[in-house]
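Positions are given from 1 along the sequence. Given the structure is predicted, the values throughout are model-derived calculations rather than measurements.
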Amino acid sequence: MKTLSFVLLFMTHVTATCDENTILDVASKNGATILRRLIHGTDLEALLQGEGNYTIFAPLDDGFNWLPPSVMDKLNKNMTFVDYVFTFHVVRGRRKSDTFTNDVTYPTLNGATKVRINIIGSTFTADGVDITVTDLSASNGVVHMLQRVMYPLPIQSLLGYLTATPSLSLFADVIKHANLTDFFGGGPFTLFAPNNEAFNKLPVGFLQKLMLNKTGVIDFVEYHALRETLYSEGLHDNQRLTTANDKQLIVTVMEGNVVINGALLKIFDVIVNNGVIQVIDRVLLPPN
């Protein structure tokens, strides 16, 4: 009986010790030492070391290698920028993976936008970044380990990004001409966005005729959109996708290239606050 009492006492002590680890402690012990170094001495560190309930999406140390050198340099020198980036990686409450649903969003401590969770097969993603380890428990919340840093932050809307990007300006103009600005203010969406070069491949006069056809231009635009967030990781060969106007697109994967109805994906996974943009090199023409 004394031995059993000792074992129970030891187990209680171990549990109490584990429970004393904050989410920063747990994240650091599981490979997020750079994150901890960067936020050292900040208000965010004090918050995450204190009481409360938070969920942190903590990038692994190797995940900082994905950042451009200029961004990493800024993180090392500018504490305001550190706060801007990593408050986006924290949400209030204990958000465990068994509560995740596809396309659910959570307000972050950044306040400017929300982090989006998606489910691709058996993998969870946060704003398109793979969650490598889920549900590490801490005294003041839950830790999910991320493959890399979530950056840049999805501040812009889908249409806002198109309008601000010169190489996508023609498609932005077509969307506005179709009076679909309010439509794309909702979401979430995946938009296969033809670049300007794609429009230049059309027969002479085609775009002008399309713009005169009110029904046709709406059909044309909606044929480029899905009513869900679908990252490139979720695209596979012979996959059929249902567009916003209930038509079908077919995905082909060849030698690492992803093709949508003959259009090659040129830029993958541009994250916006109401979905994702996949840039393609040809326009998609609806049937008939």
Exercise for the section: Indicate whether any N or O donor in one side chain lies under 3.5 Å from an N or O acceptor in the other, for Thr243 and Gln248. Expected result: no
Exercise for the section: Indicate the ring-plane relationship of Phe81 and Tyr84, choosing parallel, tilted or perpendicular according to the 30° and 60° boundaries. Expected result: parallel
Problem - Polar side-chain atom of Glu45 near backbone of Gly41 as donor-acceptor pair, under 3.5 Å - result: yes
Handout entry: Atom pair CD1 (Ile260) and NE2 (His224), whose distance is rounded to the nearest 0.5 Å
Key = 11.0 Å
Exercise for the section: Using side-chain contact (heavy atoms from CB on, under 4.5 Å) as the criterion, point out the one residue from Ile23, Val142, Asp135 that pairs with Thr55. Expected result: Val142
Handout entry: Minimal non-hydrogen separation, Ile119 against Asn102, with atom names
Key = N-OD1, 2.9 Å
Exercise for the section: Group every Ile, Leu, Val, Met, Phe, Trp and Tyr by side-chain heavy-atom contacts under 4.5 Å, then state whether Leu38 and Phe88 land in the same group. Expected result: yes
Practice task
Using atom types as modelled and distance alone, determine if a side-chain donor or acceptor of Asn140 lies under 3.5 Å from a backbone N or O of Asn53.
Solution key: no
Exercise for the section: Show your reasoning for whether side-chain contact (heavy atoms from CB on, under 4.5 Å) applies to Leu75 and Leu67. Expected result: CA-CA 10 Å; Leu75 285 172; Leu67 292 174; 3.7 Å; yes
Problem - Donor + acceptor pair across side chains of Asp103, Thr229 (<3.5 Å) - result: yes
Problem - ILVMFWY network linking Leu210 to Leu284, side-chain heavy atoms under 4.5 angstrom - result: no
Exercise for the section: Please say whether more than 12 non-hydrogen atoms of neighbouring residues, nucleotides or ligands are located less than 6.0 Å from CG in Asn257. Expected result: yes
Exercise for the section: Find the distance between CG (Asp281) and CD1 (Ile267) and round it off to the nearest 0.5 Å. Expected result: 11.0 Å
Handout entry: Shared hydrophobic cluster for Tyr223 and Leu230 (ILVMFWY, side-chain gaps under 4.5 Å)
Key = yes
Exercise for the section: Rounded to the nearest 0.5 Å, what's the gap from CD on Glu233 to CD1 on Ile120? Could you check? Expected result: 4.5 Å
Exercise for the section: Please confirm whether the backbone N or O of Val276 pairs with a side-chain atom of Thr190, one donor and one acceptor, at under 3.5 Å? Expected result: no
Exercise for the section: Determine whether Val26 and Ile56 make a side-chain contact, defined as any pair of heavy atoms from C-beta on separated by less than 4.5 Å. Expected result: no
Exercise for the section: Would you mind checking if Arg36 and Asp25 are paired as a salt bridge, meaning a charged N to carboxylate O distance below 4.0 Å? Expected result: yes
Practice task
Could you tell me which non-hydrogen atom of Val174 sits nearest to which non-hydrogen atom of Leu207, and how far apart they are?
Solution key: CG2-CD1, 4.0 Å
Problem - Under 3.5 Å donor-acceptor, Asn196 side chain and Pro166 backbone - result: yes
Exercise for the section: For atom CG of Asp43, decide whether the heavy atoms of other residues, nucleotides or ligands shown that lie under 6.0 angstrom number more than 12. Expected result: no
Practice task
Sorted by first residue and then second, give each salt bridge (Lys or Arg N to Asp or Glu O under 4.0 Å) pair with at least one member in residues 265-276; sequence neighbours left out.
Solution key: none
Exercise for the section: May I ask you to decide if Asn21's main-chain N or O and Ser139's side chain share a donor-acceptor pair within less than 3.5 Å? Expected result: yes
Practice task
Could you give me the CA-CA distance, side-chain angles and deciding distance for Asp219 and Asn213, then say whether side-chain contact (heavy atoms from CB on, under 4.5 Å) is met?
Solution key: CA-CA 10 Å; Asp219 197 45; Asn213 184 336; over 6 Å; no
Exercise for the section: Decide if atom CZ of Arg92 counts as having more than 12 heavy atoms of other residues, nucleotides or ligands within a radius under 6.0 Å. Expected result: no
Problem - Lys201, NZ: over 12 other non-hydrogen atoms inside 6.0 angstrom - result: yes
Practice task
Kindly say whether Leu180 contributes a backbone atom to a donor-acceptor pair with the side chain of Glu222 at under 3.5 angstrom?
Solution key: no
Completion exercise
To the nearest 0.5 Å, atom CD1 of Ile175 lies from atom CG of Leu191 at 5.5 Å
Problem - Lys214, NZ: over 12 other non-hydrogen atoms inside 6.0 angstrom - result: no
Completion exercise
Minimal heavy-atom distance between Met72 and Arg37, with the atoms involved, is CE-NH2, 4.2 Å
Handout entry: Residue pair Phe184 / Val221, side-chain heavy-atom distance below 4.5 Å
Key = yes
Handout entry: pair Thr242-Arg227: side-chain heavy atoms closer than 4.5 Å
Key = no
Exercise for the section: Using modelled atom types only, decide if a donor and an acceptor are shared between the side chain of Asp127 and the backbone of Val115 within a distance under 3.5 Å. Expected result: no
Problem - Value rounded to 0.5 Å, distance of CG in Asn118 from OG1 in Thr125 - result: 4.5 Å
Practice task
Inspect the contact between Asp73 and Lys77 and indicate whether a charged nitrogen and a carboxylate oxygen are less than 4.0 angstrom apart.
Solution key: yes
Handout entry: Exercise: identify the closest heavy-atom pair between Ile218 and Ala178
Key = CG1-O, 3.7 Å
Exercise for the section: Decide yes or no for Leu60 and Leu146: does some side-chain heavy atom of the first lie under 4.5 Å from some side-chain heavy atom of the second? Expected result: no
Practice task
For the pair Glu197 and Ser167, evaluate side-chain contact (heavy atoms from CB on, under 4.5 Å) and give the outcome as yes or no after the intermediate values.
Solution key: CA-CA 8 Å; Glu197 292 182 5; Ser167 62; over 6 Å; no
Exercise for the section: Before giving the answer on side-chain contact (heavy atoms from CB on, under 4.5 Å), spell out for Asp83 and Thr42 the whole-Å C-alpha distance, their side-chain angles and the decisive distance to 0.1 Å. Expected result: CA-CA 8 Å; Asp83 182 75; Thr42 64; 5.7 Å; no
Practice task
May I ask you to decide if the ring planes of Phe199 and Phe171 are parallel, tilted or perpendicular, using 30° and 60° as cut-offs?
Solution key: tilted
Completion exercise
In this structure, CD of Gln156 is separated from CG of Asn273 (nearest 0.5 Å) by 8.5 Å
Fill in the blank from the handout: On a heavy-atom basis, the closest approach of Phe268 and Ser232 is CD2-CB, 3.2 Å
Exercise for the section: Indicate whether the side chain of Thr132 and that of Gln147 have a donor and an acceptor atom separated by less than 3.5 Å. Expected result: no
Problem - Student check: side-chain heavy atoms of Phe189 and Val272 closer than 4.5 Å - result: no
Practice task
Taking all heavy atoms of Leu168 and all of Pro194, pick out the closest pair and write down the distance.
Solution key: CD2-O, 3.8 Å
Problem - Side-chain heavy atoms of Ile39 within contact of Leu24, under 4.5 Å - result: yes
Handout entry: Joint cluster assignment, Leu265 & Met254, ILVMFWY side-chain distance < 4.5 Å
Key = no
Handout entry: Joint hydrophobic cluster, Leu158 plus Phe220, side-chain heavy atoms closer than 4.5 Å
Key = yes
Problem - Non-hydrogen side-chain atoms of Ile280 and Asn195 separated by less than 4.5 Å - result: no
Exercise for the section: Determine yes or no for a side-chain-to-main-chain donor-acceptor pair under 3.5 angstrom, with Thr99 supplying the side chain and Lys96 the backbone. Expected result: yes
Exercise for the section: Please confirm whether the backbone N or O of Thr87 pairs with a side-chain atom of Asn110, one donor and one acceptor, at under 3.5 Å? Expected result: no
Fill in the blank from the handout: The residue among Tyr54, Tyr106, Phe124, Phe100 that forms ring-ring contact (aromatic ring centres under 6.0 Å, His included) with His144 is Phe100
Practice task
Report yes if the side chains of Phe86 and Leu48 come closer than 4.5 Å at any heavy-atom pair, otherwise no.
Solution key: no
